[in-house]
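The structure under discussion appears below in the form of C-alpha cells.
Remember, it's 1-based here, ligands and their atoms both numbered in the order they're listed.
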Amino acid sequence: MRRACIIGTGAYLPEKVISNDDLAKFVDTSDEWIRERTGIRQRHVAAEGEFTSDLAVAAAKQALQHAAIEVGSIDLIIVATTTPDHTFPACAAAVQRKLGADSAVAFDVQAVCSGFVYALAVANNFIIAGQAHRALVIGSETFSRLLDWNDRSTCVLFGDGAGAVVLNAEDGDGTPSDRGILATHLGSDGRHYDALFVDGGPSSTGTTGHVRMNGREVFRHAVTALVGASEEVLKQTGLQAQDIDWVVPHQANARILNAVAQRLHIDDERMLMTVDHHANTSAASIPLTLAEADAAGRFKRDQLLVMNAMGGGFSWGAALVRW
Ligand code: ACO
C-alpha cells in the first residue's frame with residue numbers, strides 16, 4: 001500500500017514580535033489576563049509588504065532543504081490559508097511561482113484553523129490514489145490583517161507565521177506499523193457558521209472584514225472536536241491513546257490543549273505546545289509546532305503522532321502519523 005511519509009519540515013515566523021505588554025499599550029488588556037486565559041506571551045506579525053505567500057515560501061524552502069530534494073520533483077502544492085495574498089489566484093499559485101515548482105499542480109484549501117489537517121488529508125488521498133508522488137503541504141497565515149485591533153476579545157489571540165511539510169510516496173504493508181500517514185478524519189458543522197467568522201468577503205461586502213468570535217462556544221466545541229477526531233483516527237487503525245508518543249495540536253490556547261490532554265489521558269509533556277511564543281496562527285500552527293519539535297530532535301523513527309485541529313465553520317480533523 002502507498003503511504004505518504006513526511007520527509008521534511010520547515011517553519012517561518014516574521015521578525016516583528018508584539019508582546020502582551022506591547023498590546024496593553026493600545027488595548028484595554030494585560031499580560032496577566034492574556035497569559036492566564038490563553039497561555040500566550042507574544043505573537044509575530046508580518047511586516048508591511050510581507051505576504052502570506054512570502055511566509056509560505058520561507059517555510060517551504062526550509063522543508064525542501066531538510067528533505068534534501070529538488071523543487072522540480074514536487075508534483076503537488078497545497079496551501080492551507082484563510083489569508084491569501086489576493087482573493088484570487090490561489091496563494092499556492094504565488095508560492096509555485098516564487099519556488100519555481102513548475103511541475104506541480106497548486107491550489108489552496110480553506111478550513112481556517114483546521115486547514116492544515118484538511119490539506120494533509122487531501123494530499124494523502126492524492127498520494128494513495130497515485131495522482132501525486134511528492135507534495136508540499138503548507139499552512140501559512142497573516143491573520144493579523146483580519147484583526148480588529150480595538151476588539152480585545154479577539155486581537156490578543158492571533159499571530160502570523162507559516163509551516164510546511166514535504167510528503168513522499170513510499171511503500172508500506174498496509175498495517176499500523178507502516179511509516180507515514182496512517183489515518184485521517186475530517187468533520188464540519190455549518191450550523192456554527194457565525195460562532196467564529198469574518199464580517200466581510202468578496203461576495204458579501206466587497207471588503208476583507210474582521211474576525212468575530214463567540215469565545216465560550218468555540219472553547220466548548222474545540223475540546224469535544226479535538227478529542228473526538230483523535231479518537232476517530234485511533235479507531236480506524238485499532239491503536240490506543242496510550243500508543244501515542246506525541247500530540248501536535250492546533251495551537252488555539254493552552255487551556256483548550258490542557259483539557260484535551262486530560263480527556264485523552266495524555267501526559268502534558270506529550271502534548272506539544274508552542275502557543276506561548278506565536279499565539280494562534282490558524283492553519284500555520286500545526287506545521288509550525290511540528291517543525292519546531294522536529295528541529296529539536298524530539299521525534300524518533302517509528303514514533304506515533306496525532307495532529308488535531310478545530311476552527312471556523314465549525315471544521316475539525318485529525319491525522320495519525322508514524323514518523
Ligand atoms: N483582556 C482583558 N479582559 C478581557 C479580554 C482581554 N483581552 N477579553 C475579554 N475580556 C473580559 C471580558 O470583557 C469579560 O469581562 P466582563 O466579565 O466584565 O464582561 C471577561 O474578560 C470574561 O470574558 P469571557 O469572554 O467570558 O472570558 P473567557 O474566560 O471565556 O475567556 C477566551 C475568553 C480566552 C477567548 C476563551 O473564551 C477562549 O479561550 N475561547 C476559545 C477561543 C479561541 O481559542 N479562539 C481561537 C480561534 S478558534 C480555534 O482556534 C479553535
- Query: Using a threshold of 4.0 angstrom between heavy atoms of the protein and any atom of ligand 1, which residues qualify?
  - Reply: Asp28, Thr29, Trp33, Arg37, Thr38, Cys113, Arg152, Ser153, Val156, Phe158, Leu196, Met213, Gly215, Arg216, Val218, Phe219, His250, Ala252, Asn253, Arg255, Ile256, Asn280, Met310
- Distance col, row Cys5:SG vs Leu167:CG, nearest 0.5 angstrom, shows 8.5 Å
- Message: If I take atom OG1 from residue Thr38 and atom CH2 from residue Trp33, how far apart are they, to the nearest 0.5 angstrom?
- Response: 7.5 Å
- Message: Can you confirm whether more than 12 heavy atoms, excluding those of Phe88, are under 6.0 Å from its CZ atom?
- Response: no
- Query: Pairs in or reaching into residues 306-321: which pass side chain to side chain donor-acceptor pair (under 3.5 Å), with residues at least two apart or in two chains?
  - Reply: Ser114-Ser315, Ser230-Asn308
- Rounded to the nearest 0.5 Å, what's the gap from CD1 on Ile286 to CG on Leu272? Could you check? 11.0 Å
- Applying the side-chain hydrogen bond (donor to acceptor under 3.5 Å, both in side chains) test to Ser285, which of His278, Gln251, His250 qualifies? His250
